[in-house]
Amino acid sequence: INWGERMRKSDKTAAVILATLTIVISWLTHIDYNIIASEGLTLSSIVLAVYVAAILGLINTNLAKKMAATQAHAKSEFTQLGQLVIYFKYASAYAIATIVISSITLLIPADPAEVSKRIFQIIIQCLSSIGFTVYALNLFFLAVILRFMLNRQLWNT
């Protein structure tokens, strides 16, 4: 992923605010991501399949050709298709991160008998905060992509 590719400023701002709030709230409340790790794994797997299907569905369509020829917005150097590709890249990265973190979280034993309890708690808390954050960003990018596609009337062409 080329992280230098840019999202729209409003979407980038919303993603940063969402990530910051999620990290802070999950850290301060000490909520354990393990309670939704299984759901995170399931959701992300489904979302990743939807992204792949959407991309494959766009290949060589008239809509893709129109999007490739239309500027995303007035101040953008990207076409609509180029902007959508950027969102798919970010969304896919967060879906994969959610799958990895969910898998690791589900593999960690509930009883840390062999590990220092405090170190274990910090690791769990870090994983939980990261897990909630990538889960939230996963949902955010799903919404952004759906908004983007619906605004281009993808379903009616």
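Since the structure is predicted, the reported quantities are computational estimates derived from the model, not experimental observations.
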Query raised in the report: Side-chain heavy atoms under 4.5 angstrom apart, residues restricted to Ile, Leu, Val, Met, Phe, Trp, Tyr: same cluster for L58 and V50?
Result: no

Query raised in the report: Is there a side-chain contact between T98 and L41 (heavy atoms, below 4.5 Å)?
Result: no

Query - Set of residues satisfying side-chain hydrogen bond (donor to acceptor under 3.5 Å, both in side chains) with respect to S26, sequence neighbours excluded - result: S129

Report summary line: Distance col, row T22:OG1 vs L18:CG, nearest 0.5 angstrom, shows 4.0 Å

Requested in this report: Decide side-chain contact (heavy atoms from CB on, under 4.5 Å) for F141 and V47; before the verdict, give the C-alpha distance in whole Å, the side-chain angles of both, and the deciding distance to 0.1 Å.
Outcome: CA-CA 10 Å; F141 278 103; V47 164; over 6 Å; no

Query - Spatial distance of atom CD (Q125) from atom CG (L28) [nearest 0.5 Å] - result: 8.5 Å

Report task. Rounded to the nearest 0.5 Å, what's the gap from CG on L81 to CG on L63? Could you check? Result -> 8.5 Å

Report task. Would you kindly confirm whether L84 and V52 end up in one hydrophobic cluster when ILVMFWY residues are joined by side chain heavy atoms under 4.5 Å apart? Result -> no

Query - Same apolar cluster: I55 and Y94, side chain cutoff 4.5 Å - result: yes

Query - Rounded distance [0.5 Å steps], CD1 in I96 versus CG in N138 - result: 10.0 Å

Requested in this report: Identify the residue among I23, I17, V24 that makes a side-chain contact (heavy atoms from CB on, under 4.5 Å) with L21.
Outcome: I17

Requested in this report: Could you tell me which residues satisfy side-chain hydrogen bond (donor to acceptor under 3.5 Å, both in side chains) with Y51, sequence neighbours excluded, listed by chain and number?
Outcome: none

Report summary line: Scanning both residues in full, the closest heavy-atom pair of I101 with G131 reads CG2-CA, 3.7 Å

Query raised in the report: When rounded to the nearest 0.5 angstrom, what distance separates CG in L142 from CG in L43?
Result: 7.5 Å

Query - side chain to side chain donor-acceptor pair (under 3.5 Å) pairs, two or more places apart, involving residues 53-62 - result: none

Report task. Using salt bridge (charged side-chain N to carboxylate O under 4.0 Å, His left out) as the criterion, list what pairs up with D32, not counting sequence neighbours. Result -> none

Query raised in the report: Any side-chain heavy atom of F132 sitting closer than 4.5 Å to one from I25?
Result: no

Requested in this report: Take I31 and S128, measure what side-chain contact (heavy atoms from CB on, under 4.5 Å) needs, and give me the verdict at the end.
Outcome: CA-CA 7 Å; I31 192 164; S128 291; 5.7 Å; no

Query raised in the report: Can you check whether T79 reaches M67 side chain to side chain, under 4.5 Å on heavy atoms?
Result: no

Query raised in the report: Does the pair V100 and V134 meet the rule for a side-chain contact (heavy atoms from CB on, under 4.5 Å), with working shown?
Result: CA-CA 10 Å; V100 169; V134 296; over 6 Å; no

**Report entry** Connected via hydrophobic side-chain network under 4.5 Å: Y87 and L56
**Finding:** no

Query - Pair listing, side chain to side chain donor-acceptor pair (under 3.5 Å) test, anchored in residues 33-43, at least two apart - result: Y33-S102

Requested in this report: Find the distance between CD1 (I124) and CD1 (I122) and round it off to the nearest 0.5 Å.
Outcome: 11.5 Å

**Report entry** H30 and W27 aromatic ring geometry - parallel, tilted or perpendicular at 30°/60° bounds
**Finding:** tilted

Report summary line: On a heavy-atom basis, the closest approach of I99 and S44 is CG1-CB, 3.6 Å

Query raised in the report: Linking I/L/V/M/F/W/Y whenever any side-chain heavy atoms sit under 4.5 Å apart, do L146 and L137 land together?
Result: yes

**Report entry** Contacts of T70 that satisfy side chain to side chain contact (heavy atoms under 4.5 Å, CB included) - sequence neighbours left out
**Finding:** Q80

